[in-house]
Amino acid sequence: MNRPVNVVLDIRQTSDPPTDAAELRELWTRVEKYLAGTSLRATEKVVVPLRDDQTCVLWIQDRLRAPDRVDDTTVFSIRGVLEPATVRHRCTTCSAAGVVTYGPFLCRGCDQGGQPGRVCDEHAVVIEGRMTATCARHRPACSCGAAATFWCNGELCRGRNAFCDRHRVGHPGGVDMSYCRDCFRQKFPDCAAQGCNSTGSIACEFVVDGRRATCGNAACARHAYRWQIFGPHKRGLGLCPDHALRLKSLEDRQIVFQIVAGTTNRRRGPRTDSRRTYLRLPRLTIVRHIFINSRSRKLEVHSIDRMFGELQHDNRTDGVMRRLLQEHEKIRKEDLAAAERDGARGRELFDKLTAWLRARGRAEVANHISFADYRPRSNLLFVNVEPEYLGRFIGRGGAEKRAVSNDLGVRVEVERK
């Protein structure tokens with residue numbers, strides 16, 4: 001048996017290539033008739049003429065082993081067929097003009113039997129802000145009716161709305177990013193301070209109703225106020241100028257409500273243990289100083305605890321705030337117990353102070369002072385002194401106050417009104 005001749009049939013230059021096995025056999029019959037009596041050893045490429053001035057090419061893979069002449073006993077093995085490229089995804093716009101062009105992009109406006117249409121490189125329209133294309137006929141339009149030039153990816157639009165250049169607002173930092181007017185105002189609000197043209201970068205966290213809705217205004221770093229309810233090393237609640245001034249006019253219970261509601265709003269997001277610890281309510285001793293700094297009022301920790309408890313059991317308090325207050329309840333009990341211990345120790349030191357004054361013939365001064373506060377960590381004893389006896393209590397250059405501090409082993413200070 002003769003060794004088969006391995007060939008590759010190239011029909012890429014044929015305008016009417018075979019579409020099934022029968023047409024392929026018919027084409028090969030014409031090729032065999034043309035090859036009869038020829039030698040395949042002279043060349044690797046054989047051009048076979050077909051009808052209507054068309055040709056196909058036969059590539060001989062092992063011509064040195066081919067027979068001297070092709071006859072009826074020559075066996076061919078077609079190892080492959082090189083066919084013309086078929087454009088499966090045709091550009092819808094080009095097809096309407098009778099031109100076949102590959103469309104790599106999808107146009108969802110061009111419906112083709114429930115499938116999105118295709119667009120070629122020439123007819124594709126890609127506008128700024130989204131890596132999607134359309135044809136010119138289905139280009140997105142702005143709300144004003146003009147052709148859109150960008151998609152807005154702001155917080156309100158989130159890439160769903162397109163706008164023209166007339167409604168474009170560029171990023172203030174020069175970044176290659178644009179917004180519609182509403183999203184720009186939401187992202188870069190004006191400072192709430194009158195006459196300030198800066199961007200309000202700090203949102204006001206003042207709660208304006210029982211549902212914990214905030215003020216909605218913002219202020220720049222120069223006009224915003226940080227209410228340090230979480231201590232000096234943590235970022236306090238941001239307040240606009242108007243609500244920063246309102247703090248002094250709030251009632252005691254309103255101050256407590258703002259502390260709890262502001263902390264609750266800050267706790268939105270992932271409830272990780274570290275976030276819970278960082279955003280817990282301030283201790284009663286810190287709240288006491290908040291009242292001193294915000295309203296120049298000095299309250300006992302028992303009074304402050306009572307206001308937290310009333311808010312916790314109020315039917316109008318929402319569930320999230322109530323859960324936060326329940327978490328805080330254990331800490332409040334610890335603060336009350338500590339306040340009892342510190343108060344007892346402070347009064348013990350105060351009794352020693354009055355005894356020290358009377359032993360030195362200063363009973364009149366001892367009768368016009370009272371216990372104010374004791375801070376064990378700082379070893380500070382605060383006393384209230386009536387104004388007309390202040391100089392006699394302190395002494396020249398603070399000598400008397402230093403002497404009693406040294407003798408009692410505690411730093412004595414006068415409580416400022």
Side-chain angles (χ1 to χ4, degrees), residues 8-24 26-28 31 45 47-59 78-171 174-184:
V8 175
L9 181 61
D10 187 350
I11 55 176
R12 291 176 294 181
Q13 303 302 321
T14 306
S15 61
D16 187 19
T19 57
D20 53 26
E23 292 182 0
L24 181 61
E26 180 183 352
L27 173 64
W28 183 250
V31 172
K45 177 182 179 182
V47 179
V48 180
L50 302 174
R51 58 173 177 257
D52 299 330
D53 296 328
Q54 297 185 39
T55 60
C56 68
V57 177
L58 202 67
W59 296 93
I78 302 176
R79 312 300 289 181
V81 179
L82 302 178
E83 301 178 82
T86 301
V87 180
R88 295 184 179 180
H89 303 297
R90 300 184 178 187
C91 173
T92 308
T93 305
C94 292
S95 297
V99 180
V100 177
T101 309
Y102 172 60
F105 301 102
L106 293 174
C107 176
R108 301 194 178 278
C110 299
D111 186 17
Q112 293 185 337
Q115 297 293 327
R118 292 278 179 162
V119 191
C120 66
D121 295 344
E122 181 180 353
H123 295 113
V125 177
V126 180
I127 66 174
E128 176 189 331
R130 187 192 291 181
M131 294 301 295
T132 56
T134 63
C135 66
R137 188 161 58 95
H138 296 110
R139 177 174 184 159
C142 179
S143 56
C144 68
T149 57
F150 74 99
W151 293 95
C152 177
N153 290 296
E155 194 69 23
L156 302 177
C157 292
R158 295 183 179 273
R160 296 186 294 264
N161 302 319
F163 298 88
C164 65
D165 285 337
R166 194 159 60 90
H167 295 96
R168 180 198 296 263
V169 184
H171 192 285
V175 181
D176 188 16
M177 185 179 295
S178 300
Y179 302 90
C180 69
R181 294 170 183 172
D182 292 338
C183 287
F184 182 86

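Any value given below was found using the heavy atoms of this structure, including those in side chains, with hydrogens, waters and symmetry copies removed. Keep in mind that this is a model prediction, so the values were computed, not measured.
The side-chain contact (heavy atoms from CB on, under 4.5 Å) check on Glu122 picks up Cys120, with sequence neighbours excluded. In this view, Thr149 and Asp165, Arg168 satisfy the side-chain hydrogen bond (donor to acceptor under 3.5 Å, both in side chains) rule, not counting sequence neighbours.
Looking at Pro18 and Glu26, their side chains never come closer than 4.5 Å, going by heavy atoms from C-beta outward. A 4.5 Å side-chain heavy-atom check between Cys144 and Cys164 finds at least one atom pair inside the cut-off. Taking 4.5 Å as the limit, every side-chain heavy atom of Thr14 sits out of range of all side-chain heavy atoms of Thr55. Counting only heavy atoms from C-beta outward, the side chains of Lys45 and Val57 approach each other to under 4.5 Å.
Environment of CG in Asp20: crowded, with over 12 heavy atoms of neighbouring residues, nucleotides or ligands closer than 6.0 Å. Within 6.0 Å of the CZ atom in Arg130, the count of heavy atoms belonging to other residues, nucleotides or ligands exceeds 12.
To the nearest 0.5 Å, the span separating CH2 on Trp28 from CG on Leu58 amounts to 5.0 Å. Between Arg137 atom CZ and Thr93 atom OG1 the span is 7.5 Å, to the nearest 0.5 Å. Note that OG of Ser178 and NE2 of His171 are 10.0 Å apart. Values are rounded to the nearest 0.5 Å. One finds the CD atom of Gln13 at 10.5 Å from the CD atom of Gln54 (value rounded to the nearest 0.5 Å). In this structure, OG1 in Thr92 is found 10.5 Å from NE2 in His123, a value given to the nearest 0.5 Å. To the nearest 0.5 Å, atoms CD1 (Ile11) and CG (Leu50) are separated by 10.0 Å.
Between Ile127 and Ala148, the closest heavy-atom pair is CG2-O, 3.7 Å. Across every non-hydrogen atom of Cys107 and Cys135, the tightest pair is SG-N, 3.4 Å. Heavy atoms only, all atoms of each residue included: Val31 and Cys56 are closest at CG2-SG, 4.0 Å. Nearest heavy atoms, Cys152 versus Phe163: CB-CE1, 3.8 Å. The two atoms that bring Thr19 and Glu23 nearest to each other are N-OE1, 2.7 Å, heavy atoms only. The two residues Asp121 and Pro104 have their closest heavy-atom pair at OD1-CG, 3.4 Å.
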Residues Arg118, Arg90; criterion side chain to side chain contact (heavy atoms under 4.5 Å, CB included); working and verdict = CA-CA 6 Å; Arg118 292 278 179 162; Arg90 300 184 178 187; over 6 Å; no
Full working for side chain to side chain contact (heavy atoms under 4.5 Å, CB included) between Trp151 and Asn161 | CA-CA 6 Å; Trp151 293 95; Asn161 302 319; 5.7 Å; no
